[in-house]
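Working notes for the structure below.
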Amino acid sequence: MIEVNKIRDEFENILKALKKRGISDIENKLQDLIKLDDQRKLFKSEIDKINNESNTISKDIGIAFKGGKSHNLESLKLRSQELKEKSKIINGNLKETENKLRLSLYSIPNIPDHRVPEGKSDKENKIIFSSVISKNENLKPHWDLIKEFQIIDFELGNNITGAGFPVYIGKGAILQRALINYFLDIAREKNYTEIQPPLLINDDSATNTGQLPDKEGQMYKIEDENLYLIPTAEVPVTNIYKKKIIEKELLPIKNVAYTPCFRKEAGSWGSHVRGLNRLHQFDKVEIVQIQENSKSEDSLNEMCDHVQNLIESLEIPFRKILLCAGDLGFTSSLTYDFEVYAPGQDKWLECSSVSNFLTYQSNRMNLKIKDGKSKHLAHTLNGSALALPRIVASIIENHQVGDHILIPNVLHKYTGFKKISK
RNA sequence: AGAGAGGUGGCCGAGCGGUCGAAGGCGCGCGCCUGGAAAGUGCGUAUACGAAGCAAUUCGUAUCGAGGGUUCGAAUCCCUUCCUCUCUGCCA
């Protein structure tokens, strides 16, 4: 969430930037926020004064007891009781105000970077780079190919669980594992530390990274335990650092994690979503960085390069996209998407999203950097490197040749085979 | 899952109703001592919020797993809850 003091100090700039997101009535929301904070400070000062007096009285009574003087204590006790009643009421007010303030802050998304283009939907996203693609009507979509080659089976998944939970079989399963290992190895070469996080998260963690309260409907919930299945490794891996103070010298922190991801994808199904394009469960390798404020821009670029190199090494066409304000995630300030081309269906498929959250997540998490004597909120970043199913779809569609599918060279040592045949 | 024990500062650990943000130790930082180091020695060493100040900082409040209660006063007593350890049970 945004820091209230920042809203005070940079009101006009923040207002202007948030207007890009098209939030209705944002100016009033921001002003209400400041009013709430004023109120909070007032209650805080008041209760501090009351507590101070009541502490003083208690100490005096203590000293009097020790000194054996027991006279005149009754009036002090009475005064103290009075103060206690008063403090209960004001404390209630304080808590209520703090709560309101917190909820209001949760409802304000991150401030878009100045480079984020205006726009309401993905139509206004800006294409930074695109491979030259050649359309070929003879190429088949992956949902036909996976059946022909019997490497991924949706019917089986339907029976076991339901739609959106495919079963990977034989070389299909090995290809998945190869990609995961390949992605992890490359990340390790770039000094990322491999993490195996929990796949279930609690309320607090989901709130810190911004899935709650904004995207509650997207996560699978275990009602009994009040836990959620992770929609991305971003949540557990970033939350490793909740309530931490990190020495500046230790930055950047670079972590990578492979996990399955679970998403309800409510409302986003239709005829245009077929095969591997959208799933309820999918595999993803995620990179996460914690970085000093002045260097997070460098980290973002480094992560984009990392993602781009991975895609290029798989020999598939792709494009890099700068998200416009309307398409920008709630918690992000600046996001680049990477889309791979799937010629069998003539579609671009998003396979990575690389974002800088600035202090938005660290403010919720209370993650700080210690620089000598002073402390400040850290910057957090993450990116998919990469999400598997759409990569698999793109590989299959791009590398179909005759009656087999060629495996990209870099994966050979991981798969142990160079092509998939019937 | 059942029985018992316990959760105190970066770590270990004392305190079990009064001036306790908390003894002592370790670690860490700065200094003295030394040719240099070790040993020794002196000082410092949590976080959040609020108030004052350009600032260094100072003052106030809260925090001894979390939340509630008793009391003039709670790390200490009571209740709820979470977590850890030991034993028993179950299990990959």
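When reading the values below, keep in mind they use all heavy atoms of this one structure, side chains included, and skip hydrogens, waters and symmetry mates. Residue numbers begin at 1 in each chain, while the letters A, B, ... track the order of the sequences.
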Would you mind classifying the nucleic acid contact of [X] as base, sugar-phosphate or nothing, using non-hydrogen atoms under 4.0 angstrom?
X	answer
Arg40(A)	sugar-phosphate
Ser80(A)	sugar-phosphate
Lys44(A)	base
Ile245(A)	sugar-phosphate

Considering only the [atom1] atoms, how many Å lie between [N] and [M], rounded to the nearest integer?
N	M	atom1	value
C82(B)	G67(B)	C1'	10 Å
G13(B)	A23(B)	C1'	10 Å
C12(B)	U81(B)	P	27 Å

Just checking, is any N or O donor in the side chain of Asn366(A) or Lys244(A) under 3.5 Å from an acceptor N or O on the other one?
->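 The criterion, which ignores hydrogens and geometry beyond distance, is not satisfied for Lys244(A) and Asn366(A).
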
Tell me the stems RNA chain B sits in, counting at least three consecutive Watson-Crick or G-U wobble pairs, each under 3.5 Å on both distances.
->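 So the stems come out as B:1-7 with B:82-88, B:10-12 with B:24-26, B:27-32 with B:40-45, B:46-52 with B:57-63, B:65-69 with B:77-81.
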
Please state whether the rings of Tyr220(A) and Phe165(A) are parallel, tilted or perpendicular, taking 30° and 60° as the class boundaries.
->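 Tilted, since the angle between the ring planes falls between 30° and 60°.
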
Could you pick out which residue, Leu78(A) or Glu98(A), lies toward the 5' side of RNA chain B when each is mapped onto its nearest nucleotide?
->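 That would be Glu98(A).
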
How long is the span from the CG atom in Leu349(A) to the CD1 atom in Ile316(A), to the nearest 0.5 Å?
->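 Going from the CG atom of Leu349(A) to the CD1 atom of Ile316(A) covers 9.5 Å.
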
Salt bridge check: are [X] and [Y] linked by an N-O gap of less than 4.0 Å?
X	Y	result
Glu302(A)	Lys190(A)	no
Asp38(A)	Arg8(A)	yes
Glu53(A)	Arg79(A)	yes

Rounded to whole Å, how long is the line connecting atom [atom1] of [X] with atom [atom2] of [N]?
X	N	atom1	atom2	value
Gln81(A)	G73(B)	CD	P	7 Å
Leu42(A)	C49(B)	CG	P	18 Å
Asn363(A)	A48(B)	CG	C1'	13 Å
Ile57(A)	A74(B)	CD1	C1'	18 Å
Lys243(A)	G9(B)	NZ	C1'	16 Å

Nucleic acid contacts - residues 366-380 of chain A versus RNA chain B, non-hydrogen atoms under 4.0 Å |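 RNA chain B contact set from residues 366-380 of chain A: Lys368(A), Lys373(A), Lys375(A).
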
Can you list, by residue number, the residues of residues 48-55 of chain A that have a non-hydrogen atom closer than 4.0 angstrom to RNA chain B?
->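 Close to the strand are Asp48(A), Asn51(A), Asn52(A), Asn55(A).
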
